[in-house]
Amino acid sequence: DAGVIQSPRHEVTEMGQEVTLRCKPISGHNSLFWYRQTMMRGLELLIYFNNNVPIDDSGMPEDRFSAKMPNASFSTLKIQPSEPRDSAVYFCASSLAGTGTTFFGQGTRLTVV
Amino acid sequence: TQLLEQSPQFLSIQEGENLTVYCNSSSVFSSLQWYRQEPGEGPVLLVTVVTGGEVKKLKRLTFQFGDARKDSSLHITAAQPGDTGLYLCAGLYTGTASKLTFGTGTRLQVTL
C-alpha cells in the first residue's frame, strides 16, 4: 500500500494567490482528516470527513479555507486568498473508523510570501 | 477547549540515558495515542492505550496510562540516536468520535 499521498510536497506562493492541496487517502479508509502544523500552535485539526461527508470543520481558521471530498479516494484543501500567516505544513491523514489507527501523509509545506 | 500539555518541550540527552515524557490533561480521555514524527515526515503511531492504569511496552519504550485516564507517560530506556524525533501524544475524548487532539509535543535529540 502506498499510504496517504499528498501533493505537492512543497508550495511557495505569493500572498493573495489561491492554493490547492491534494490528498489521496489509503484505499478502504472511510475517515479523512486535514491537519496544520506550526511551531507556535503544534498540530491542529482543521476538518474531518466520514464517508466523504464533512463532520467537523470547527478547526478551519476562516472562510478563506475550504475543503472538499468529492469521492472516497480524493480530497482537496483550498486557501483563497492565501496570506503569509497560512505558512505551515499541512497534513492529510486517513483511518478506518473504529480501528483507532490514523495514517498520515508526508505533508505539504506551504510558504506564502 | 481541551488542552494536552506535554513536558518537557525539548530534551537533549546522550546515548544510553533514560528519559520520561509526560502528557497531561484536565479532561478524561477515552483513549490516548503516542506518535513519533521525524523531520519531513508525518507522525507515525507508536501505541494506543485505552484502560486506566494500562502499561504497554514496545522494545525500549514503555507507555503508561494514568488510573484516571487524564495523563500518560512515555519512558525510553537506554536511548539511541534513532530515537531522535518529535513525540506527540494525542487524545480521543469521550464523545468526540474520531477527533484526535494532539499535545504540544516533545522534541527529543539523542547524541552519541
Side-chain angles (χ1 to χ4, degrees), chain A residues 2-10 21 23-26 29-60 69 88-110, chain B residues 1-10 21-25 29-51 54 56 58 63 65 69 72 85-109:
Chain A
V4 177
I5 299 173
Q6 291 186 246
S7 65
R9 288 294 313 273
H10 302 272
L21 311 181
C23 175
K24 177 179 167 55
I26 292 174
H29 282 188
N30 56 358
S31 294
L32 183 138
F33 309 83
W34 282 101
Y35 287 88
R36 179 172 68 177
Q37 188 174 37
T38 61
M39 288 293 290
M40 292 296 294
R41 300 175 67 89
L43 199 58
E44 304 173 280
L45 178 65
L46 301 177
I47 185 172
Y48 80 91
F49 298 82
N50 271 359
N51 298 316
N52 313 339
V53 177
I55 302 300
D56 185 344
D57 65 355
S58 59
M60 296 285 261
M69 192 163 186
V89 181
Y90 290 81
F91 286 102
C92 176
S94 71
S95 71
L96 183 60
T99 61
T101 303
T102 303
F103 295 85
F104 283 77
Q106 291 185 297
T108 295
R109 181 174 293 278
L110 173 65
Chain B
T1 303
Q2 296 157 336
L3 292 175
L4 265 170
E5 296 288 338
Q6 283 185 240
S7 61
Q9 274 190 292
F10 301 98
V21 176
Y22 300 92
C23 175
N24 294 286
S25 173
F29 304 117
S30 56
S31 66
L32 185 134
Q33 300 181 328
W34 284 93
Y35 290 77
R36 189 175 82 179
Q37 183 179 16
E38 298 187 20
E41 302 291 330
V44 176
L45 179 65
L46 296 174
V47 78
T48 301
V49 286
V50 178
T51 307
E54 183 176 1
K56 279 192 175 179
L58 188 66
F63 305 85
F65 202 13
R69 300 194 352 252
S72 180
L86 178 67
Y87 288 82
L88 296 158
C89 63
L92 265 173
Y93 292 91
T94 304
T96 61
S98 306
K99 188 174 175 179
L100 280 173
T101 299
F102 278 85
T104 48
T106 294
R107 196 166 296 277
L108 171 66
Q109 180 159 7

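Chain A is the first sequence line, chain B the second, and so forth, proteins listed ahead of strands; every chain is numbered from 1.
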- [ ] Taking the side chain as every heavy atom from C-beta outward, state whether B:Leu100 and A:Phe33 have any atom pair closer than 4.5 Å.
- [x] no

Open item on the list: When you compare the side chain of B:Thr48 with that of A:Thr101, does any pair of heavy atoms fall below 4.5 Å?
Closed with: no

TODO: Identify which part of B:Thr104 has an atom lying under 4.5 Å from any heavy atom of chain A, answering side chain, backbone, both or neither.
DONE: neither

TODO: Specify which of B:Ser31, B:Pro43, B:Gly42, B:Gly103 makes the most heavy-atom pairs with chain A at under 4.5 Å.
DONE: B:Pro43

Would you give the length of the straight line joining atom [atom1] of [X] to atom [atom2] of [Y], rounded to the nearest 0.5 angstrom?
| X | Y | atom1 | atom2 | result |
| --- | --- | --- | --- | --- |
| A:Leu43 | B:Tyr35 | CG | OH | 9.5 Å |
| A:Gln106 | B:Glu38 | CD | CD | 11.5 Å |
| A:Gln37 | B:Phe102 | CD | CZ | 9.0 Å |

Task: Contact class of A:Thr108 relative to chain B, heavy atoms under 4.5 angstrom - done: neither

TODO: Pick one of side chain, backbone, both or neither for A:Met40, based on which atoms fall under 4.5 Å of a heavy atom in chain B.
DONE: neither

Task: A:Arg109, CZ: over 12 other non-hydrogen atoms inside 6.0 angstrom - done: no

TODO: Dump the intermediate steps for side chain to side chain contact (heavy atoms under 4.5 Å, CB included) on B:Gln37 and A:Phe91, then the final yes or no.
DONE: CA-CA 12 Å; B:Gln37 183 179 16; A:Phe91 286 102; 3.3 Å; yes

Task: Any donor-acceptor pair under 3.5 Å from A:Arg9 side chain to B:Gly40 backbone - done: yes

